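To start, the structure under review is shown below, and the notes come after it.
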Amino acid sequence: MLKLEQIVDAIEMIFDEELVFLDKTTNEIVRVESDIHRIAEEYEEGDELQLAEWQRDSLKNALRVFENGDCFLRLPSKYDINEYNIMEEFCQEYPNERISDRLCSLIRGSGAFRRFKEAISGYDIEEQWYTHKQQSYVNIARNWCEDNKLEFEE
C-alpha cells in the first residue's frame, strides 16, 4: 500500500532540475535529472554517451519511465508546489493580527524569503511555520494521490 508519507518526503526533496515519478506497480519513487530526461528522449540502444556514474543511473531511470510510461506518474514539481504561496498563506492566517500584518508586509518584493525567515526567528514562531509547511505538503500529496485515483494510507 502506498504511504502518503512517502509522497510527502519525495515532493519535499525535489530539486529544481529534477523530475520525480511514482512507479505505480512497485510504489517506488524514481528520480531523473531534467537534462538526462531530455537525453533519454533521443536515446537509442547502442548510443555511446559520456556520463558520470550517477548520470548513468539517472538515464536508466529515465529509460524505465519512457519504456513503461503507463506505470509511472509524475509527482508535482517545485514549480507546482510554489513555496511562496505556502509562506503567504501562513502569513495571512497567523492568529496574531499584528504579527500577521508584519509578516505579510515583509514578504513583498525581492528578498522575501530571507526577510520571512529572519522575522519568524525573531518572533520565535519557526515551529508554527514548519508545522504549517509540513501540513501544506501533506495536503498537496493527498490531493495528488486522490487526483490520480491512488489508494494510500496516512
Side-chain angles (χ1 to χ4, degrees), residues 1-41 53-97 99-100 102-104 106-154:
M1 172 72 69
L2 178 62
K3 295 190 184 311
L4 190 62
E5 181 180 349
Q6 179 183 3
I7 302 301
V8 171
D9 290 346
I11 62 175
E12 282 181 327
M13 300 299 294
I14 293 175
F15 297 106
D16 290 343
E17 296 300 318
E18 180 180 55
L19 305 174
V20 181
F21 300 88
L22 172 71
D23 182 335
K24 295 186 297 185
T25 60
T26 65
N27 290 336
E28 175 190 6
I29 299 296
V30 177
R31 298 178 177 279
V32 178
E33 296 288 321
S34 298
D35 291 345
I36 299 298
H37 191 265
R38 285 188 284 279
I39 290 170
E41 287 178 311
E53 184 66 34
W54 66 269
Q55 290 174 313
R56 286 193 289 273
D57 291 340
S58 188
L59 179 60
K60 286 177 193 172
N61 286 338
L63 293 172
R64 278 179 51 207
V65 170
F66 280 116
E67 291 167 3
N68 305 295
D70 292 343
C71 297
F72 289 89
L73 291 171
R74 183 171 172 202
L75 272 67
S77 71
K78 279 282 192 199
Y79 305 106
D80 297 325
I81 294 167
N82 194 338
E83 194 166 315
Y84 180 83
N85 287 345
I86 296 171
M87 181 176 67
E88 185 176 45
E89 181 181 79
F90 175 80
C91 296
Q92 292 169 350
E93 294 177 0
Y94 195 77
N96 179 308
E97 189 175 339
I99 293 175
S100 173
R102 181 68 180 137
L103 291 173
C104 286
L106 287 172
I107 64 167
R108 304 289 178 240
S110 180
F113 285 96
R114 178 187 48 78
R115 288 191 304 275
F116 174 76
K117 290 190 186 238
E118 289 171 356
I120 63 171
S121 176
Y123 288 123
D124 196 27
I125 57 173
E126 294 114 327
E127 188 172 323
Q128 290 102 320
W129 158 244
Y130 289 115
T131 299
H132 173 82
K133 184 177 173 184
Q134 177 67 21
Q135 188 57 52
S136 296
Y137 276 96
V138 168
N139 293 339
I140 291 166
R142 186 181 295 117
N143 290 338
W144 181 83
C145 288
E146 290 170 355
D147 290 348
N148 287 287
K149 297 174 179 35
L150 297 173
E151 291 184 27
F152 62 91
E153 59 184 342
E154 298 279 336

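As a basis for the values below, the full set of heavy atoms in this structure was taken, side chains included, without hydrogen atoms, waters or symmetry mates. Here the structure is a predicted model, which means the values were calculated and not measured.
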Next on the checklist: Working note: Lys133 + Glu83, criterion salt bridge (Lys or Arg N to Asp or Glu O under 4.0 Å); need CA distance, chi angles, decisive distance, verdict.
Outcome noted: CA-CA 8 Å; Lys133 184 177 173 184; Glu83 194 166 315; 3.3 Å; yes

Looking at [X] and [Y], does any basic side-chain N land under 4.0 Å from a carboxylate oxygen?
{"X": "Glu154", "Y": "Lys3", "value": "no"}
{"X": "Arg114", "Y": "Glu118", "value": "yes"}
{"X": "Lys78", "Y": "Glu12", "value": "no"}

[Y] side chain reached by [X] side chain, heavy atoms, under 4.5 Å:
{"X": "Phe116", "Y": "Cys91", "value": "yes"}
{"X": "Ile7", "Y": "Leu150", "value": "no"}
{"X": "Phe21", "Y": "Ile29", "value": "no"}
{"X": "Ile107", "Y": "Phe113", "value": "no"}

Next on the checklist: Check whether Asp80 reaches the backbone of Ser77 with its side chain - one donor and one acceptor, N or O, closer than 3.5 Å.
Outcome noted: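 It does hold such a pair.
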
Item to check | Pair Arg64-Asp23, salt bridge (Lys or Arg N to Asp or Glu O under 4.0 Å): steps then yes or no | outcome: CA-CA 10 Å; Arg64 278 179 51 207; Asp23 182 335; 3.3 Å; yes

Next on the checklist: If I take atom CD1 from residue Ile125 and atom OG1 from residue Thr131, how far apart are they, to the nearest 0.5 angstrom?
Outcome noted: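 These two atoms lie 11.5 Å from each other.
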
Checklist entry - Side chains of Glu93 and Ser100: donor-acceptor distance under 3.5 Å anywhere? => result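 Checked: Glu93/Ser100 side chains show no N/O donor-acceptor pair below 3.5 Å.
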
